[in-house]
Amino acid sequence: MQHSANIRSGGEILVDALKIHGVDTVYCLPGESFLPVIDALAGAVGAIRTIVTRHEAAAANMAEAYGKLTGRPGVCFVTRGPGASHAAIGVHTASQDSTPLILFIGQVSSTMRGREAWQEVDYPAMFGGMAKWVVEVDRPERLPELVSRAFHVAVSGRPGPVVVALPEDVLAAAAEVPDAPAYKRVAAHPGADDLNRLAAMLEASARPLVIVGGGGWDAKACRDFQQFVEAFDLPVAAAFRRQDILDNRHPNYVGHAGLGPNPKLVARIRAADLILAVGPRLGETTTAGYSLFELPRPAQRFIHVHADPLELGRVYQADLPINAGMREFAAAAAALKPKGPAGWHAPAPWSAGVKAARADYLADQTPGSMPGRLDLGAVMMHLRETLPKDAILTNGAGNYAIWVHRFHRYGGFRTQLAPTSGAMGYGLPAAIAAKLHEPAREVICFAGDGCFQMSGQELATACQYGAGVVVMVVNNGIYGSIRMHQEKAYPGRVFATTLENPDFPALARAYGAFGERVDETAAFADAFARARAFAAENNKPALLELVIDPEAITPSATLSGLREAALKAGRGKT
């Protein structure tokens, strides 16, 4: 649509706003409900790259992964009704993971609203419990204002998702309106009294322990946090799927609290006399079903730093709640220096305990044997020795991820992309987004056979846009995590958890990717080398199917062992 220099369509006003706010990539699946935006994006190819996916869930997951990588809002466009429903998974993940995301949804014409027009949905009702803010634009003149607010809301305080509905007639209509300036992130800063009290509480403790997590981090914040940790010689455990905030090779990193944690770390957390939680909500997974700390008042002295004041005191009452953004807190904490009692010089009184905790972590890094010809623990050991420190590992949900989280050593921000929401199908879209944004870095996706089939069609997207990721499909022929719980609760009564899978390497080759099956440990290293080489030389994805025995359900348990234990305990039917 052509207009005078000062008059633009709603679609043009919106895309101009995206450019002003620094958007360089959008992810979408096109729909007729936002054709004016697609046309405007066609005129903005020099400034904004448009990645077209094969499913709206993948587009939303890519945008969420972009938000994790950059700290800037990932931007996704989908059509109304079915498109919005498919993309809801990305909004849920961004909500639970505290990731800035803006989902733009085409909407029926405003003249048809309220009639249950074709594919009409009430988006404030649909997304009200997931998104930080949901708005429907009512006229094109308000687009600069409302888009600016969307960016501010997505990044300020606790980051999260925003949903903006765009009626067709609003996008097509012409208007003359000035643009709004670029957004500015707003976050709380820790007060001097809070910082002084934090330092005093640390120095008064004998067994402090830090749990780090949450959203809102960037590379500088991670460096500042590391400086603070080193100054006080503090042991640091990562919250669930937040293992890349502190380099796992750092001597103060002592492991992760989440699924399959080291029992010795759990014991240390419970025995600590001071817990400093920097960033995490301390949700169900990190706290082992809210059993790691007493409710609502932990037995340990408790300091909780979080970007959202509404999160402080929501579940756990802190002795010292600090409302601050992660970047702001880390910068302030980096300036703190331990004063200590007379005679306290390095090492700190708890330094021996830090060394012991680190030794426990390292001892837990050696996998034991597992049933079957292909040992996933040995695969992880090879990757640890082979991959560069800045390699990005992505995954979705499933028991296969326990091996990844336990045995890989993440090299620091941002080397881990994994949904704390536990969403299947996330790994491949996230890997593609990561590779397109960081083409010089190696990106490895882990997915179970069930997990992969929720987004496997995005191999076509990777081929189209030149994303040379390496995909590890861990195939045990079952929905593993569900089967594990099934055997615990209903031993021997297997139902609805068995998978009949395609030939994954042949499927990959059909898309134009590399595909190879690996069914024994000795064959993995050479197969992985071939996959890496193909991905690097062709800028296309490479897939390895890792066939493992379904008996190997976790690094330390077998299905038959779980079944026998459940039967002995009197659960289920024989």
Side-chain angles (χ1 to χ4, degrees), residues 236-266 285-286 357-412 414-420 427 431 442-448 451 470-476 480-481 484 518 520-525 527-528 531-532 544 546-549 551-558:
V236 178
F240 180 56
R241 294 184 168 173
R242 302 295 191 180
Q243 292 165 255
D244 64 348
I245 295 174
L246 180 65
D247 185 347
N248 296 179
R249 297 164 180 82
H250 194 281
N252 289 74
Y253 181 80
V254 299
H256 73 281
L259 296 177
N262 185 346
K264 291 185 178 180
L265 175 60
V266 173
T285 309
T286 297
R358 176 68 180 176
D360 289 341
Y361 163 73
L362 293 174
D364 197 47
Q365 285 273 284
T366 303
S369 61
M370 62 179 274
R373 297 170 60 201
L374 178 60
D375 189 325
L376 199 52
V379 167
M380 296 310 306
M381 292 290 282
H382 180 75
L383 295 180
R384 187 199 299 173
E385 296 165 359
T386 305
L387 289 173
K389 179 182 175 180
D390 69 346
I392 300 172
L393 268 66
T394 75
N395 62 266
N399 270 29
Y400 68 90
I402 298 175
W403 277 268
V404 183
H405 299 336
R406 178 171 170 182
F407 298 120
H408 185 64
R409 295 179 187 169
Y410 295 93
R414 172 65 75 188
T415 56
Q416 181 181 34
L417 291 174
T420 70
E442 287 199 60
V443 181
I444 310 296
C445 165
F446 273 89
C451 187
V470 177
V471 184
M472 310 281 193
V473 178
V474 183
N475 181 5
N476 61 359
S481 59
M484 177 183 70
V518 182
E520 61 181 5
T521 304
F524 175 75
F528 181 58
R532 291 175 84 189
L544 293 179
L546 308 182
V547 182
I548 68 169
D549 192 322
E551 268 291 293
I553 200 63
T554 76
S556 57
T558 63

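Numbers here are sequence positions counted from 1. Side chains are part of it too, since the values below use all heavy atoms of this structure and drop only hydrogens, waters and symmetry mates.
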Mind checking the [atom1]-[atom2] spacing from [X] to [Y]? Nearest 0.5 Å is all I need.
X	Y	atom1	atom2	answer
Asn475	Tyr400	CG	OH	13.0 Å
Thr415	Leu393	OG1	CG	8.0 Å
Cys445	Leu417	SG	CG	10.5 Å
Asn476	Leu374	CG	CG	11.5 Å
Arg241	His405	CZ	NE2	3.5 Å
Asn395	Ile402	CG	CD1	11.0 Å

Looking only at non-hydrogen atoms, find the nearest pair between [X] and [Y] and report the distance.
X	Y	answer
Pro261	Gly258	CD-O, 3.0 Å
Ile553	Gly480	CD1-O, 3.4 Å
Trp403	Gly377	CD1-N, 3.7 Å
Leu246	Asn252	CD2-C, 4.4 Å
Gly411	Lys389	O-CE, 3.3 Å
Arg532	Thr386	NH1-CG2, 2.9 Å

Check: [Y] and [X] side chains under 4.5 Å, non-hydrogen atoms:
X	Y	result
Thr285	Leu259	yes
Val379	Val474	no
Met380	Val404	yes
Thr554	Met484	yes
Arg406	Pro555	yes
His256	Asn248	no

> With under 30° as parallel and over 60° as perpendicular, where do the rings of His408 and Tyr410 fit, or are they tilted in between?
Replying inline: perpendicular

Please check if the side chain of [X] supplies one atom and the backbone of [Y] the other of a donor-acceptor pair under 3.5 Å.
X	Y	result
Glu551	Pro371	no
Arg384	Arg409	no
Asp375	Thr521	no
Glu442	Pro388	no

>> Checking Phe528 against Leu383 for the side-chain contact (heavy atoms from CB on, under 4.5 Å) test, could you report, in this order, the C-alpha distance in whole Å, the side-chain angles of both residues, the deciding distance, and whether it holds?
In response: CA-CA 9 Å; Phe528 181 58; Leu383 295 180; 3.5 Å; yes

> Is the Tyr253-Tyr361 ring centre distance short of 6.0 angstrom?
Replying inline: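 Ring-ring flag for Tyr253/Tyr361: true, centres closer than 6.0 Å.
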
> Stepwise, does the side-chain contact (heavy atoms from CB on, under 4.5 Å) test hold for Asp549 with Met370?
Replying inline: CA-CA 9 Å; Asp549 192 322; Met370 62 179 274; 5.9 Å; no

>> Could you walk me through whether Phe524 and Leu546 satisfy the side-chain contact (heavy atoms from CB on, under 4.5 Å) test, starting with their C-alpha distance in whole Å, then the side-chain angles of each, then the deciding distance to 0.1 Å, before giving a yes or no?
In response: CA-CA 9 Å; Phe524 175 75; Leu546 308 182; 3.9 Å; yes

>> The test is side-chain contact (heavy atoms from CB on, under 4.5 Å); show your working for Arg414 and Ile392 and say whether it passes.
In response: CA-CA 7 Å; Arg414 172 65 75 188; Ile392 300 172; 5.9 Å; no

